[in-house]
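Reviewing the structure listed below.
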Amino acid sequence: MENTDFNLIAAKISQPLRILITTHSNPDGDAIGSSLALASYLKKKNHSVQVMIPDPYPDFLAWMSGCNEILVFSSDEVACKEAITKAELIIAADYNSLSRLNAAGSLVRQSPVTKVLIDHHLNPTDEFELQISISKISSTSELVYNFIEAMGDLHLLDKEIAGCIYAGIITDTGSLSYSCNYVKTYLIMAELFRLGIDGEHLHRLIYDTYSESRLRLLGYSISDQLVVLPEFHTAYITLSKEDLERFNHQIGDTEGVVNYALSIKDINLAALFMERDGIVKVSFRSKGSFAVNSFATKYFNGGGHRNAAGANCTTSLEETILKFRQLLPSFQTMLKSVY
Ligand code: 5GP
Ligand code: MN
């Protein structure tokens, strides 16, 4: 589907509406940042706005303005169902398929109201009547900024909205280290600082909030659980349910762990396999041309971006890793030269 003209979306939201903003499960900085930035903006446009997420957000995002008003489907199903029923417009921010809402997905799918996609993942499904889907952009938060700009409403931005957009851009680009080769990203960053954010402080709120057990889990992941396969330019980390329990794992604690495996010289593919209740959550990261989203989609029923993707597998931890390892020989040549 073609991207919708901004004017058509502007027309759709020209009257005050009850708007429900949804974002993906295991919400990250961009999911929460883009949703809250959009919520604050739309409230200023006189809409009544509710943000709903499938499961809780990590603690390190709790400083964001509007966080405490978010409805969480897994812990407050009744209120969420009511919000879905009452919505006159539903926005999908930072995900490309309603399946990423888990149990809430089918309820949102059944809603007869217009659904608007605002996202930067490749290949959105056809579940949305209106869409702004731009995959080359750093983050959905950057897209939200561009949307507000296209609406002629940059004057409505404030320090709180700027903080949310900053968080989204920073977390989706590894603090401006990937997916950020565009001038516009930096122009927006400059604008966020002009609006008064304290980037140094916000960066600390996002990244320097480890508990002791989280740091020890990271140490254990690297020293004991990292497997390096130089011949396949691949490294991976495995965390079993017992490992996670031992380190008192909290939501968000394994965020970023997979990147350490990718930081090894000449390692171009990294994976993290994490055993959760009944499923194995896999994170893939890559350098250069090796597209982990295609890899995750084709073999693990997942998805994501070229250099950062994920999947939720119903196979056992051992089976999932075995499958991964067995796939590597056929990608040996591709993994060798990614630049
Ligand atoms: P992470 O590894 O940080 O959980 O996710 C990295 C990227 O992959 C994110 O952009 C996320 O949206 C995507 N992703 C993670 N898990 C899944 C999944 O189960 N299905 C799909 N389609 N995408 C996923
Ligand atoms: Mn994103």
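Counting starts at 1 for both ligands and their atoms, in listed order. Computed from heavy atoms alone, side chains included, the values below leave out hydrogens, waters and symmetry copies.
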**Study point:** Lys/Arg N to Asp/Glu carboxylate O, Glu200 vs Arg204, below 4.0 Å
**Key:**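 Judged by the 4.0 Å cut-off on N to carboxylate O distance, Glu200 and Arg204 do not form a salt bridge.
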
**Study point:** Basic-acidic side-chain contact under 4.0 Å: Lys43, Glu69
**Key:** yes

Check your understanding: Atom CG in Leu117, atom CD1 in Ile132: separation rounded to 0.5 Å?
Key -> 8.5 Å

Check your understanding: For Tyr220, which residues count as a ring-ring contact (aromatic ring centres under 6.0 Å, His included) partner, sequence neighbours excluded?
Key ->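 For Tyr220, the residues satisfying ring-ring contact (aromatic ring centres under 6.0 Å, His included) (neighbours in sequence not counted) are Phe247.
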
Practice item. Please identify each residue that fulfils salt bridge (charged side-chain N to carboxylate O under 4.0 Å, His left out) with Lys45, with sequence neighbours left out. Key: Asp153

Exercise for review: Identify the residue among Glu191, Glu149, Glu142 that makes a salt bridge (Lys or Arg N to Asp or Glu O under 4.0 Å) with Lys184.
Suggested key: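 The single option meeting the salt bridge (Lys or Arg N to Asp or Glu O under 4.0 Å) with Lys184 is Glu149.
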
Please tell me whether [X] and [Y] form a close aromatic pair, meaning their ring centres lie under 6.0 Å apart.
X      : Y      : result
Phe290 : Phe331 : yes
Phe60  : Tyr207 : no
Tyr236 : Phe273 : yes

Review point. Mind counting the protein N, O or S atoms sitting less than 2.8 Å from the Mn ion (ligand 2)?
Key: 4

Note every protein N or O atom lying under 3.5 Å from an N or O atom of ligand 1, pairing the names and giving the distance.
from, atom 1, to, atom 2, distance (Å)
ligand 1, 2 (O), Ser283, OG, 2.6
ligand 1, 2 (O), Arg285, NH1, 3.0
ligand 1, 2 (O), Arg285, NH2, 3.3
ligand 1, 3 (O), Arg285, NH2, 2.9
ligand 1, 4 (O), Lys281, NZ, 2.8
ligand 1, 8 (O), Gly303, O, 3.4
ligand 1, 8 (O), Gly310, N, 3.1
ligand 1, 10 (O), His121, NE2, 3.1
ligand 1, 10 (O), His305, NE2, 3.1
ligand 1, 12 (O), Arg100, NH1, 2.8
ligand 1, 12 (O), His121, NE2, 3.2
ligand 1, 19 (O), Asn312, ND2, 2.9
ligand 1, 22 (N), Gly303, N, 3.3
ligand 1, 23 (N), Gly303, O, 3.2

